[in-house]
4 protein chains.
Amino acid sequence: MNFDSRKPRADLRDHLRETVRTSILDAAEELIAANGLHEVALAQIARRAGVAVGTLYNYFADRDAMIIELFERRRESLRPLMAAARTNGKALAFEPRLRLLMRDLLGALESHRRFVKVAVETEYHKRSPSTTAKDLQAAFEEVVAVGVDEGVIARATAPLLTMLLAGAIKAVIMRRIADGGDFVADADPIVSLMLDGARA
Amino acid sequence: MNFDSRKPRADLRDHLRETVRTSILDAAEELIAANGLHEVALAQIARRAGVAVGTLYNYFADRDAMIIELFERRRESLRPLMAAARTNGKALAFEPRLRLLMRDLLGALESHRRFVKVAVETEYHKRSPSTTAKDLQAAFEEVVAVGVDEGVIARATAPLLTMLLAGAIKAVIMRRIADGGDFVADADPIVSLMLDGARA
Amino acid sequence: MNFDSRKPRADLRDHLRETVRTSILDAAEELIAANGLHEVALAQIARRAGVAVGTLYNYFADRDAMIIELFERRRESLRPLMAAARTNGKALAFEPRLRLLMRDLLGALESHRRFVKVAVETEYHKRSPSTTAKDLQAAFEEVVAVGVDEGVIARATAPLLTMLLAGAIKAVIMRRIADGGDFVADADPIVSLMLDGARA
Amino acid sequence: MNFDSRKPRADLRDHLRETVRTSILDAAEELIAANGLHEVALAQIARRAGVAVGTLYNYFADRDAMIIELFERRRESLRPLMAAARTNGKALAFEPRLRLLMRDLLGALESHRRFVKVAVETEYHKRSPSTTAKDLQAAFEEVVAVGVDEGVIARATAPLLTMLLAGAIKAVIMRRIADGGDFVADADPIVSLMLDGARA
DNA sequence: TATGAATGAGTTTTCATTCAT
DNA sequence: AATGAATGAAAACTCATTCAT
């Protein structure tokens, strides 16, 4: 017989706490995506999350801490997807690997559309550069290095290519967030253009 | 005897007004570039501009109007440069024209570094998309269309190329603002890569 | 068979309740002594006492009631000591009685150092003057009256002497709480000075 | 002719600012004396001072800074009085000098009754010991040292006497603030008692 | 027109108290 | 009874905007 009723209760409580925490962060993300980081008051977030203002402070030290946690959570959630994207093509040759990477990265970002919007919008206000942006950069660097090793890409071209691939991702994101289109469709044509050029 | 000193004085006055107006907008731009649009209070701007807060309201209806005018002025100042960039190569064939355009655009943007930073950072907060971004887009569209006419660029590739060229510009800007490098050096290699691909 | 476990359990329960009550008040006293009456939140007290905030309300009607009970308990605990101090010397003549009283009072207060600190600090915030301060006053009044009866103290001097004796106690307390010294050592010299003056 | 209208205006403005600053601090002192440091909201202070809440922040960085300035101003205002008290009797022998000092100190404190109440009430919440209390201590130390030099006071008695004199001042203050009596009347009897003892 | 103090609405933050489990 | 999350009223604080001089 289990006389210790504290453990299960604690589990339940933690679960409920996590639920509320999540609702709050979701509410915040939604409102910030729609109105901008500075245009959203805590009262709005609380209302949308279905809690009282004071409750926010049971979960986060202050406004800043809440925003920071929102970003960290989303990054944590993106990170494995991006890591997978980098791992997926490990066995492939440069070109198919790059194609796969581009698709996977755009797919990963697509699954976090709302956050991606917020992240792009606020990227520059932050003291430190976005970790996600850095991860993108690193992913392309890695694969482009493979291209160099295979002799497909000239060593001198590598840095520029890396920058343009990352830039292309941002361009796609920005456009597709604006017009509502999906991200992945552009993956293959971009790689083709980057590798073979636009010349007919 | 000429007692009517109003005409010449009016000129002087207008000139002074314009000087003050300019200082205010410069102060605003500087502070916004350094701290972000929402982190700058009017009191700061006034102090930096060397005027009293109340004076700001003699020049602009409110905070918003001031920011909007800052953007419009910089765009107005950029516009002829961008227009020139579009005109410069009119007589050239597609490729040299594109190369020239890329160089000129990056050069134009380089001369407005501070504003460019602000514009990129705030691009998404604005209800309407940045006119400058649209202008970029249009400039590339025009030249790419020439490439299509010349048969150098496949019609189907044109929109993607346009997007990537504009994206490349932003990538360069972002990187060079971050690391302090100059914009124009990247112009030619980018065009080469876009036209002929990165394949060795 | 005795299934009626209520009677003994009730004792146990009462005992437990009292234990918790005591921990809470001790925690409150400690924190208030360290940080001041208004700087201590109920959450802190609960944590230090090892109970949940809600539990506080099972023991005290509200914050105020808790503080009041803390004061009352300490006073209750001090009262017999002070009463004893007043009784102890009953048989003695004025001077030895006053010396004994001073020693005993300082000894009693010394055994409640923490509370004494809190009491002195908050003496003025309270609507009603501290009972303990009144008790001190009364104790000295009584003995000084004996001095008057014995003709050792002029009737006209009595009130002033009473006030100064009580004031001396506070001065000692304040100083010794600040520097960590003990209270009682000062008892005799003070009485000597008060009776015979500081003149060499 | 004086064409520079800025200087006099600045003087006027400074004067007005000082007036408002003073009203705010007076309002704060009054309310704190009546209700206690923590029981007074900024809104109350603003209302009593006849300004808007926001105005408080044009004069003080935050609540704390306001309180601190209140204390500092009153101390600044007391300091010369206490300094004068210490200087006044410089030429006198020990006993008359001590009598004069006691009268002058009580007189000085009497002229700052409201602040004295607040200071005594909050003395212990403050990290650093009250400067005023230290000044009292120092004043008595100085004169008692004279007594020692003159051979009126035994060197060994000096520290105790100093402590008791300062304690006596506080006792008087506390009692007279409570009952509304004036401070100075007690000065002479206290010195007599301290020097010659209460023995009839 | 320039000034800068005053304003107060809007936000963030705190915390005693309540309440469902 | 114990728990600790939820509540919301009250307090502190910010800052664009107004306005008297």
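So that the names make sense, note that chain A is the first sequence line, chain B the second, and so on, each numbered from 1. Bear in mind the structure is a predicted one, so any value in this text is a computation, not a measurement.
In this structure, Y57(A) does not reach the dT14(E) phosphate: none of its side-chain N or O atoms is under 4.0 Å from OP1 or OP2. Contact between the side-chain N/O atoms of Y59(C) and the OP1/OP2 oxygens of dA2(F) is found at a separation under 4.0 Å. In this model, the phosphate group of dA5(F) is not approached by any side-chain N or O of T55(A) to a distance below 4.0 Å at OP1 or OP2.
Distance check: M66(A) CE to I24(A) CD1 gives 7.5 Å after rounding to the nearest 0.5 Å.
Look at CD on E39(A): it is 14 Å from C1' on dG10(E), rounded to the nearest Å. Between the CG atom of D62(D) and the C1' atom of dA11(F) there is a distance of 13 Å, rounded to whole Å. Atoms CG (L56(D)) and P (dG8(E)) sit 13 Å apart, rounded to a whole Å. In this entry the distance linking CZ of R47(C) with C1' of dC15(E) reads 13 Å, nearest Å. Taking atom CE of residue M66(C) and atom P of nucleotide dA16(E), one finds them 9 Å apart after rounding to whole Å. Going from atom CD of Q44(D) over to atom P of dA11(F) covers 8 Å, rounded to whole Å. Counting to the nearest Å, the P atom of dA2(F) and the CD1 atom of I45(C) are 17 Å from each other. As a whole-Å value, the separation of F60(C) CZ from dT17(E) P is 13 Å.
A donor-acceptor pair under 3.5 Å links the side-chain atoms of Q44(A) to the main chain of A41(A), judged by distance alone. Not one N or O on the side chain of S77(A) forms a donor-acceptor pair closer than 3.5 Å with the backbone of R73(A).
Under the 30°/60° scheme for interplanar angles, the aromatic rings of F71(B) and F115(B) are found to stand perpendicular.
Toward the 5′ end of DNA chain E lies the nearest nucleotide of R17(B), the other residue of the pair V51(D) and R17(B) mapping further downstream. Closest-nucleotide positions on DNA chain F for V20(C) and A43(D) were compared, and the one nearer the 5' end corresponds to V20(C). In terms of position along DNA chain E, the nucleotide closest to G54(D) lies nearer the 5' end than the nucleotide closest to the other residue of the pair R63(C) and G54(D). Of the two residues contacting DNA chain F, namely A61(D) and G50(C), the nearest-nucleotide position lying further toward the 5' end is that of G50(C).
If you check dT3(F) for Watson-Crick or wobble pairing at under 3.5 angstrom, you find it paired to dA20(E).
Remark: the N58(A) side chain and the dA6(F) base include a donor-acceptor N/O pair separated by less than 3.5 Å.
In this structure the side chain of T22(A) reaches within 4.5 angstrom of the side chain of D26(A), judged on heavy atoms.
The side chain of A52(C) approaches dT3(F) more closely than any other nucleotide in the set dG8(E), dT3(E), dT3(F). Of the candidates dC13(F), dG4(E), dT13(E), the closest approach to any side-chain atom of L42(A) belongs to dT13(E).
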